[in-house]
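See below for the structure under consideration.
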There are 2 protein chains.
Amino acid sequence: MIVPPKNSSETNREYAFRVISENIISLEIEPGSMIGEQEIATALGLSRTPVHEAFLELSKSKIVDILPQKGCLVSMIDSDLIREARFLRITVETALVEDACELAKEEDLRELDDNLALQEFYLSKDADKLLALDNEFHKLIYRICNKMQCYYMVSLMSMHFDRVRSLSLHSVKDLKIVSDHRAIFDAIKKKDPAAARAAFQKHMARFDLDWNIISREYKQYISDNSK
Amino acid sequence: MIVPPKNSSETNREYAFRVISENIISLEIEPGSMIGEQEIATALGLSRTPVHEAFLELSKSKIVDILPQKGCLVSMIDSDLIREARFLRITVETALVEDACELAKEEDLRELDDNLALQEFYLSKDADKLLALDNEFHKLIYRICNKMQCYYMVSLMSMHFDRVRSLSLHSVKDLKIVSDHRAIFDAIKKKDPAAARAAFQKHMARFDLDWNIISREYKQYISDNSK
DNA sequence: TATTTTTAACTAGCATACAAGTTAGAAAAA
DNA sequence: TTTTTCTAACTTGTATGCTAGTTAAAAATA
């Protein structure tokens, strides 16, 4: 497990949650593996309590399954849960980009534009940075619409999707993702909800994961009920 | 605080979560009041640990706000959070009823129909029973679409809405709610997504809370940023 | 050898104790 | 009297120990 340093502003619980999440999404912790609270606590230099609380939160999205008196099972890659995460994200964000057309203020548009400029700058230079900017772009939409609670809920579920997202990112060109974002931005700027919806759905369609690819690449990690 | 008996199948944490939730939704615990973990733990005959964990979960939807070293603040009635809960629910369930048109199997339709028969039976007889059947009807839609994680997320947020729902229920006739449900059911049965969407949106429009009524009835409980 | 029983080493749920931060009021100083 | 300082009683965050349940391997039995 990769253990980054603790950010001074975060509590031990938040630190544990962040580290476990990152390791699950990066597949550093393998799907289907059992991890104990004590094991993680020792690795992070904490007691079991904050780690226990982090697992509780993770279990709410079924990304881990707490088996009482047995341990924490990191969920296998599950097509149903991925579909559910995708459904939630597309459904919510499609509605949001429409709303953003009337809610986005000048300053909001400037922030989106700044983000896009950075995306275009880092294109084919720094994939990690580009991914972070992508996430930030979507988060900005939630903020413009004053829907940050929804962002939290969608993010929690999205972990299932994030874990296999790299597979689609390889096939999809970054170039297209950034130009998609630009199209969404233009629609919001023009206050054209129909165009925003269309642009967003075109964008998300690129992430329609090919289950054949997933099951080939991650054969050993696929949950039984997905086969 | 009203303390129902502990269900034998639930853990202490689940029990604490259920009891606190019910008391917040019923306004038995007043919005804006501070409640301590020890206070609740004593009332439920538990230690602080499971109560602490229940509060952590509740804080994720901002229905309570944990102020470290100070206490747990039960959130004031907040128009932004109510709007967000409503947005999430309407957005997700509108998409679901469309999907349900192709996903509902014979057995699913029978379950919905049975539920509706009970709703019609209890109409103007038992308001509490009717409310439970209403919730069950919506939950069935999630189950038909295999979206139970979304149900959990939406439910958690809906607490903000549920807390003031009684105000709209008084003005809306139960008769209309049940006939709305029947219309949604008919559309799903006929596999007509457009009709299902229309029927559902008509249904939810009835719950477009009148902020004037809320602020009159719950004046003392309204959060500052809602005024 | 094959099967059952026992046991010892694990696990998470929970209770308890302590640490660290907040607050309200008493005591001291102006 | 008014202001400041201090203190004691709170709060949640976290560590630790105990309880009860699971598991797998050793030991006993067939």
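Because the structure is predicted, anything quoted here is derived from the model rather than measured. Excluded from the calculations below are hydrogen atoms, water molecules and symmetry mates; all remaining heavy atoms, backbone and side chain alike, are included.
- Side-chain nitrogen and oxygen atoms of H52(B) include at least one within less than 4.0 Å of the OP1 or OP2 phosphate oxygen of dG13(D).
- Atom CG in N12(A) sits roughly 18 Å away from atom P in dT12(D) (whole-Å rounding).
- Residue E37(B) contributes atom CD, which lies 13 Å from atom P of dA15(C) at whole-angstrom precision.
- Nearest nucleotide to the R13(A) side chain, out of dT14(D), dA15(D), dT12(D): dT14(D).
- Proximity of residues 60-75 of chain A to DNA chain D (heavy atom under 4.0 angstrom from any strand atom) is restricted to Q69(A), K70(A).
- E10(A) contributes a side-chain N or O that, together with a main-chain N or O of N7(A), makes up a donor-acceptor pair within less than 3.5 Å.
- The interatomic distance linking M34(B) (CE) with dT22(C) (P) rounds to 13 Å, in whole Å.
- Rounded to an integer number of Å, the gap from CD of E39(A) to P of dA9(C) is 19 Å.
- Annotation: cation-pi geometry satisfied between K125(B) and F121(B) (NZ/CZ under 6.0 angstrom from ring centroid, within 45° of ring axis).
- Rounding to whole angstrom units, CG of residue L56(B) and P of dT12(D) are separated by 11 Å.
- Using a 4.0 Å cut-off between charged nitrogen and carboxylate oxygen, R143(B) and E111(B) count as a salt-bridge pair.
- At least one donor-acceptor pair closer than 3.5 Å links the side chain of D108(B) to the backbone N or O of K105(B).
- Taking atom CZ of residue F17(A) and atom P of nucleotide dG13(D), one finds them 16 Å apart after rounding to whole Å.
- For F55(A) and dG13(C), the CZ to C1' distance is 15 Å, given to the nearest whole Å.
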Dump the intermediate steps for side-chain hydrogen bond (donor to acceptor under 3.5 Å, both in side chains) on N115(A) and Q119(A), then the final yes or no. CA-CA 6 Å; N115(A) 175 291; Q119(A) 283 190 39; 2.7 Å; yes
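- For R48(A), whose side chain is taken as the heavy atoms from C-beta onward, the closest listed nucleotide among dT16(D), dT14(D), dT16(C) is dT16(D).
- Regarding Q38(B), its CD atom lies at a distance of 11 Å from the P atom of dA17(C), rounded to whole Å.
- Note on T49(B): a base of the nucleic acid sits closer than 4.0 angstrom, heavy atoms only.
- Using a 4.5 Å heavy-atom cutoff, the side chains of Y15(B) and T11(B) are not in contact.
- Geometric assessment of K219(A) against the ring of Y221(A) yields a negative cation-pi assignment under the 6.0 Å and 45° thresholds.
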